[in-house]
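Just follow the structure's listing: the first ligand is 1, and inside any ligand the first atom is 1.
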Amino acid sequence: MVGVTWRLGDLTVNRVGFGAMRLPQQGGAFDPEARPRDRAQAIGVLRKAVELGVNHIDTAAFYFSATRSANELINSALAPYREDLVIVTKVGPSRTPQGEWLPLATPGQLRGQVEENLRQLGRDHLDVVNLRVSGLDDISAHFEQLARLRQDGLVRHLGLSNVKPHHLDQAQRIAEVVCVQNSYGLGHHPEQDEFIGVCGERGVAFVPFFALTGAAREAGGQQEDAEVTEIARAHGASPAQVRLAWTLARGPHVLVIPGTGDPEHLKQNVEAGELRLTPEELARLDALHLNDG
Ligand SMILES: NC(=O)c1ccc[n+]([C@@H]2O[C@H](COP(=O)([O-])OP(=O)(O)OC[C@H]3O[C@@H](n4cnc5c(N)ncnc54)[C@H](OP(=O)(O)O)[C@@H]3O)[C@@H](O)[C@H]2O)c1
């Protein structure tokens with residue numbers, strides 16, 4: 001039901017995962033006006049995801065609304081954790097308790113962020129930690145610190161997020177990188193195509209975020225394209241499923257982590273792992289990707 005698998009280091013994940021950013025609130029993530037999501041609904045979606053075969057969940061300590069935290073919801077819904085569940089979190093950014101963004105963490109602050117994730121998730125180690133970068137040309141000092149935390153046993157594997165190819169080079173000189181998480185989707189950042197190829201050649205998973213919302217980002221609600229809708233109709237599928245299937249077709253190392261608070265959307269997203277587009281449909285979507293981008 002969730003397509004084939006990929007390995008993040010020694011951990012095997014199904015290629016359709018789940019992004020928890022949208023769980024703490026209804027509507028746009030990080031919107032101060034957004035209403036906290038119903039707790040039972042959020043917990044139900046997480047349990048359903050795992051029941052459907054999802055074993056890769058993306059989260060962060062800075063995913064929270066006034067009264068809900070993605071990490072706490074994951075802990076409440078899924079602990080004690082199944083052996084095969086891989087929880088990927090990210091460090092670098094952080095927010096005040098009121099939700100305002102703070103400057104990117106210094107290398108010395110990363111241990112505290114890793115420990116915060118451990119406390120919230122109720123774990124003794126984190127499966128994968130992504131260094132989420134913004135505005136840093138050289139990430140070496142940050143990544144060295146994460147490599148130390150890995151040696152100390154707090155983290156099993158390391159990844160990168162929001163990075164350029166030279167950041168991957170810098171990080172790989174320091175420690176193994178199992179995944180790169182960047183903003184990408186059909187018609188969204190086609191300039192990433194080459195980087196996706198580089199990740200594939202090096203055996204690094206490429207994990208796009210905003211694969212469904214694209215340029216609409218956290219706000220969501222992107223206008224659907226006629227071509228995508230037509231292809232979806234031919235398969236009795238939804239446009240979102242076509243977007244996910246196209247993304248997965250970019251390479252065996254490409255994983256998806258669609259976010260949803262809707263159980264029906266969740267089921268569709270998991271089933272998108274089984275949707276096979278024809279070479280002709282893929283070519284039409286590739287052309288759209290390059291034109292839209
Ligand atoms: N590393 C980073 O910097 C970074 C940045 C942003 C996000 N992320 C991660 O990436 C994950 C994915 O990003 P995202 O959640 O922002 O965007 P996304 O997966 O591209 O799209 C989510 C949006 O699409 C809707 N949706 C989901 N499934 C659908 C379906 N089958 N049919 C129609 N609509 C559907 C959701 O609304 P409903 O709730 O109504 O389904 C939501 O509005 C996040 O959850 C987060 O874990 C990482």
Interfacing atoms of ligand 1 (cut-off 4.0 Å, heavy-atom, [X]):
X: A211; value: 20 (O)
X: S161; value: 1 (N), 2 (C), 3 (O)
X: N269; value: 27 (C), 28 (N), 29 (C), 30 (C), 31 (N)
X: A20; value: 45 (O), 47 (O)
X: R132; value: 2 (C), 3 (O)

* Single hit among R243, R284, R233 for salt bridge (Lys or Arg N to Asp or Glu O under 4.0 Å) with E227 ->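 Answer to the salt bridge (Lys or Arg N to Asp or Glu O under 4.0 Å) test with E227 among R243, R284, R233: R284.
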Hey, is ligand 1 close enough to [X] that some N/O pair sits below 3.5 Å?
X: K90; answer: no
X: D58; answer: yes
X: G259; answer: yes
X: G214; answer: no
X: L212; answer: yes
X: Q268; answer: yes
X: G261; answer: yes

Taking atom types as modelled, is there a side-chain donor on [X] or [Y] under 3.5 Å from an acceptor on the other?
X: Y63; Y: R22; answer: no
X: T229; Y: E224; answer: no
X: N14; Y: W6; answer: no

* Residue pairs passing the salt bridge (Lys or Arg N to Asp or Glu O under 4.0 Å) test where at least one lies in residues 104-113, sequence neighbours excluded ->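 Qualifying pairs: R111-E115, R111-D152.
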With a 4.0 Å cut-off on heavy atoms, does [X] reach ligand 1?
X: Y63; result: yes
X: I257; result: yes
X: S238; result: no

Could you give the distance from [atom1] ([X]) to [atom2] ([Y]), rounded to the nearest 0.5 Å?
X: F143; Y: L110; atom1: CZ; atom2: CG; value: 11.0 Å
X: C179; Y: H253; atom1: SG; atom2: NE2; value: 12.0 Å
X: L52; Y: F18; atom1: CG; atom2: CZ; value: 11.0 Å
X: T247; Y: L212; atom1: OG1; atom2: CG; value: 7.5 Å

* Please state which part of H265 comes within less than 4.0 Å of ligand 1, counting heavy atoms only: side chain, backbone, both or neither. =>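 Contact part for H265 vs ligand 1: both backbone and side chain.
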Below 3.5 Å, can you tabulate the donor-acceptor pairs from side chains in residues 194-211 to any protein atom, sequence neighbours excluded?
| from | atom 1 | to | atom 2 | distance (Å) |
| --- | --- | --- | --- | --- |
| R202 | NH1 | D169 | OD1 | 2.8 |
| R202 | NH1 | Q172 | OE1 | 2.7 |
| R202 | NH2 | D169 | OD1 | 3.0 |

